[in-house]
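See structure below.
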Amino acid sequence: MCGIVGILGKSAVATNLVDALRRLEYRGYDSAGIATVEHGALERRRAEGKLRNLESRLLSEPLAGRTGIGHTRWATHGRPTERNAHPHMTANVSVVHNGIIENFRELRLALEAKGHRFETETDTEAVVHLITDEMKRGLSPIDAVREALTHLQGAFALGIIFAGNDDLMIAARQGSPLAIGYGSGEMYLGSDAIALAPFTDAITYLEEGDWAVLRRAGVEIFDRSNARVERPVIKSVASSLLVDKGNHRHFMAKEIHEQPEVISHTLANYIDMVEGRVNFPDLGIDLAKINRVTISACGTAYYAGLVAKYWIERTARVAVEIDVASEMRYRETPLPQDGLAVFVSQSGETADTLATLRYCKVNGQRIASIVNVRTSTIARESHAALPTLAGPEIGVASTKAFTCQLSVLACLAIAIARARATITPQQEMELVAALMEIPRHISSIIRNEQPFIDIAQELSKATDVLYLGRGTSFPIALEGALKLKEISYIHAEGYAAGELKHGPIALIDERVPVIVVAPQDDLFEKTLSNMQEVAARGGQIILISDAPADSVGCKLAAHIQMPTVSAFTTPLLYAVPTQLLAYHTAVVMGTDVDQPRNLAKSVTVE
Ligand code: M6R
């Protein structure tokens, strides 16, 4: 999604703006630009594609202003061209924007009727002309923005600078995150604390409806009713070393390798290691009495929730309703009295997940969210925020955040089961012991990547790949397919293995690799039967299993030998080979692994 930065600096800010934008690259973008106030006039440089294009532009046409805004754009309205790239501007006003102005067409028509000439296909340009129009009516920049904000509908974060005013920047937040940073004689604006980490760790997050007037001397913040408000200044933990890939070629590789450590940290947060039992925070609801859990999320986080459905239903004997947030938010689903609703999100800013959370909150549910960004909107709007300790995830393809989400959800399932006495203390200790073994087993898998590199050579030649699994391996099959398609661009689908004969089997021939996720659990024999059906039709089977290759009774194109672990914990472990297969296939294909085309890390629009 789009990223915003702004700096009121003591000296020229162009280089720092680009550095800050680089730290937002992980969100995904297709063009970038900056604007500064130069001798009282607004100047900008923009470029299609990667930041390096903007940098070369700045080399030949530098900007010297001390006040500036910058933007990485992920196209929503209008193609990813230089013309549509932000900042957008008139002679008086320059704006960067993240989100969608839903009523931009009406605004544009009204402004065009007044003589404003639009140059782009974007919704953002309506904001620029709206503010300009208010200023032409004689309002000061601050009054003009305050007035303009009352006309905007939709979700947005804005950064605004003005010609003739070297010590003024205005920020506004409604639906999209925005952070203000405090320096010594300098002030900053960013979509998140990560962007600002090299400059400051003193951060204020604007709340819904807030707008702020920044000057070098400080900031004044106003709420949606224009009342002056104080918002807390917190110490950000975003690391300035964040852009470091260590010894890895890609962030995704680094993040896959970090999993043993970050899963350990996450589990340690929810487990009493001495007692060997789950130590789950009080969610403010009696877990013994709930009769339904509602889970919602998007993408990979949804698949984590789907694994939890199996865990909670089987272990705690509570029905779980789960749906992708983009559907659940509009389904008007009836919700139980005093139910528990769980939201899963790495970024904590996903627009659909947030909207579903709000629906459940208004309808009386107790809200628990599993988030990686503790200061995110979803965390702040929840009754209980359950952090994953994955650390910043930069690769667009989620890896360590997924397994950390699973770690928290596994502990939640055990906590509910304990409260409802559906497991004995002894069983709880066995489940916890099995969870605590997972980091060690993951280490053993990632220690030798050669089998994945070899299989990736073959996978990279495929145009379609199927993933099969049953039980908790079904969501892992879905997640494996998502991982492969998003970074290698190979078409991949995950199916419940039992569904194969109801349609997908028609796709199988000798050109179609079929990746079977099949731990030796109580459904293993059933999955083996489905595998035989694939083999009989010439499908190229890649088996991920703790069962030896020679025990499965059919020809395998490849076999990934897994350690044997408790059936409860297999999703945590079996996610890892699917990540490595996707990663190495993308490397063979030479795609942009960390920032795949068309994708954004933080999806703040619906
Ligand atoms: O930040 P979130 O966890 O809410 O994001 C949800 C999805 O957008 C995300 O998981 C997406 O599917 C990833 N690209 C998957 O790798």
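Treat the numbers as computed from the prediction; the structure is a model and nothing was measured. Note that ligands are numbered from 1 as they come in the structure, with each ligand's atoms numbered from 1 the same way.
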Among side-chain atoms of [X] and [Y], is any donor-acceptor pair under 3.5 angstrom?
X	Y	answer
Q579	Q259	yes
S407	T266	no
T300	E479	yes

(request) Give a yes/no verdict on whether any heavy atom in E349 is under 4.0 Å from an atom of ligand 1. (result) no
[X] heavy atoms, cut-off 4.0 Å: which ligand 1 atoms fall inside?
X	answer
Q346	1 (O), 2 (P), 3 (O), 4 (O)
S398	15 (C), 16 (O)
K483	15 (C), 16 (O)
A301	3 (O), 10 (O)
V396	13 (C), 14 (N), 16 (O)
A397	16 (O)

Could an N or O of ligand 1 be found under 3.5 Å from any N or O of S347, whether backbone or side chain? yes
Original post:
Any N/O of S345 closer than 3.5 Å to an N/O of ligand 1?
Top reply: yes
Original post:
Thinking salt bridges, do E393 and K400 make one under a 4.0 Å N-O criterion?
Top reply: no
Suppose we measure from [atom] to each protein heavy atom; which comes out shortest, and what is that distance?
atom	value
atom 14 (N) of ligand 1	E486 OE1, 2.9 Å
atom 8 (O) of ligand 1	V603 CG2, 3.9 Å
atom 5 (O) of ligand 1	T350 OG1, 3.5 Å
atom 6 (C) of ligand 1	C298 O, 3.3 Å
atom 10 (O) of ligand 1	T300 N, 3.1 Å

Check for me whether K50 meets the cation-pi criterion with Y29, that is, NZ or CZ under 6.0 Å from the six-membered ring centre and within 45 degrees of the ring axis. yes
Query - Trace of the side chain to side chain donor-acceptor pair (under 3.5 Å) decision for T472 with R314 - result: CA-CA 11 Å; T472 50; R314 188 171 246 210; over 6 Å; no
Other residues, nucleotides, ligands: >12 heavy atoms within 6.0 Å of Q450 CD: yes
Between L158 and the options V96, L189, N98, L152, the side chain to side chain contact (heavy atoms under 4.5 Å, CB included) test singles out L152
* Go through the steps for E349 and T377 under the test side chain to side chain donor-acceptor pair (under 3.5 Å), then give the verdict. => CA-CA 6 Å; E349 302 293 349; T377 312; 2.6 Å; yes
